[in-house]
Amino acid sequence: MSLTTEHIAFDIEKIRKDFPILKRKINGYPLVYLDNAATSQTPQQVIDVIVDYYSNYNANIHRGVHSLSQEATEKYENARISLQKHFNAEKSYEIIFTSGTTHGINLIASGFTSLLQEGDEILVSALEHHSNIVPWQMLCEKTGAVLKVIPMNEEGTLIYSAFEEMVSDKTKIVFLNHVSNALGTINPIKDIIDKAHSHGAAVLIDGAQAAPHIKADVQALDVDFYVVSAHKMCGPTGVGMLYGKEEWLKKLPPYQGGGEMIATVSFEKTTYADLPHKFEAGTPNICGGIAFGAAVDYMNSIGFENIAAYEQELLEYATGKLLEIEGMKIYGTSKEKTAVISFNIEGLHPYDIGTLLDKMGIAVRTGHHCAQPIMDFYKIPGTVRASFSFYNTKEEVDRFVEGVKKAKMMLS
Ligand SMILES: *Cc1c(COP(=O)(O)O)cnc(C)c1O
């Protein structure tokens with residue numbers, strides 16, 4: 001296969017064997033899983049870590065004197081270090097375990113309540129997932145700050161010059177995704193971070209959709225906050241990471257009160273624990289955190305350059321084939337994009353296409369993809385979204401394109 005010969009380091013057949021679910025049949029057909037932007041599949045290496053945890057060292061962490069607790073604590077803290085290395089954080093305690101991207105954003109948005117005043121401005125991009133819109137709207141309601149939206153163009157690219165005009169010394173925080181989940185657009189986050197900093201504003205980057213494809217270096221980016229979910233990068237659901245610069249994490253108040261996040265408690269006064277525990281109240285998803293570390297290690301063993309190059313080839317191949325279909329409209333045509341194709345076929349409802357594809361064993365997403373403002377921009381109710389991962393193949397793209405053609409024939 002040409003893709004494997006071009007990327008000798010990348011053995012697709014071997015990689016596919018790591019994912020047991022890829023052997024499944026759906027409605028009598030071998031599964032073609034193209035809903036990776038919603039959640040990715042889990043390799044055996046990560047499944048083994050989960051089984052090992054519950055089989056051999058399930059215990060609560062940080063508090064126990066007994067051996068199992070110490071073992072679990074060590075593995076959990078090692079996972080934090082895997083994440084620190086992967087994202088190149090300066091300090092391991094700048095890595096906070098969360099339940100996912102949504103939790104990370106809410107933690108920061110809530111923390112800013114005491115830092116904002118009426119008339120302050122906060123900037124969001126037009127390309128956001130609802131989870132990076134709603135918590136900030138709630139923040140504006142509480143503080144009287146004003147939410148301003150950086151517009152996008154027809155290609156699905158942010159209009160940088162508009163951002164340059166909007167950002168000012170009134171801007172307190174700018175938050176946007178690294179990659180759009182609905183369109184795949186890669187945003188120019190480094191330029192945005194530098195420009196925002198020149199006005200003294202903080203920047204939060206929602207990295208949920210970038211993390212499976214791009215290795216972000218938080219120090220090189222000089223970003224203040226970077227949030228991700230494990231389940232989009234080969235890990236389990238219910239766990240994620242918030243990276244925060246030490247100075248910010250020290251300044252922000254705790255998000256939840258409870259066990260683990262305190263230094264001392266009395267009814268008169270409670271003092272908070274040091275980082276990272278200040279933001280990790282209660283018993284965390286211990287197994288999930290350990291498995292998240294294993295997932296990041298697994299992806300690094302394949303290599304992010306290999307992943308990016310291979311996925312770009314799949315993207316180009318699939319885009320070319322889809323555009324041969326009459327009535328095909330692809331949304332999100334930025335030059336800088338990940339392997340996500342959002343599309344509609346003239347006169348057909350995305351839901352009907354998705355349903356027929358499922359009958360052929362092909363999993364795609366249909367709907368607004370938790371990004372209704374983007375759909376409103378294009379004046380459509382939703383799209384069909386195929387999102388690719390490094391374990392997909394050209395043969396699967398062929399089956400998908402044939403499936404779309406068949407669905408079109410059956411529906412027209
Ligand atoms: C998936 C996603 C989220 C939400 O992640 P959860 O794991 O559901 O918390 C936020 N932003 C983007 C860009 C996403 O793709």
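Start at 1 and go down the list; that is how both ligands and their atoms are numbered. Throughout, residue positions are numbered sequentially from 1 according to the sequence presented. Note: hydrogens, waters and symmetry copies are ignored here, and every other heavy atom, side chains too, is used.
In summary, Lys405 and Glu326 do not engage in a salt bridge, as defined by a charged side-chain N under 4.0 Å from a carboxylate O.
In this structure Lys250 satisfies the side chain to side chain contact (heavy atoms under 4.5 Å, CB included) test together with Glu246, Leu275, sequence neighbours excluded.
Contact check for Leu204 versus Trp136: side-chain heavy atoms found under the 4.5 Å cut-off. A 4.5 Å side-chain heavy-atom check between Thr338 and Ile186 finds at least one atom pair inside the cut-off.
Side chain to side chain, Lys232 and Asn36 fail the donor-acceptor criterion of an N or O pair below 3.5 Å.
Judged by a 6.0 Å distance limit and a 45° cone about the ring axis, Lys172 is not positioned over the six-membered ring of Phe112.
Ordered by chain and residue number, the residues placing a heavy atom less than 4.0 Å from ligand 1 are Thr101, Thr102, His129, Ser131, Asn181, Asp206, Ala208, Gln209, Ser229, His231, Lys232.
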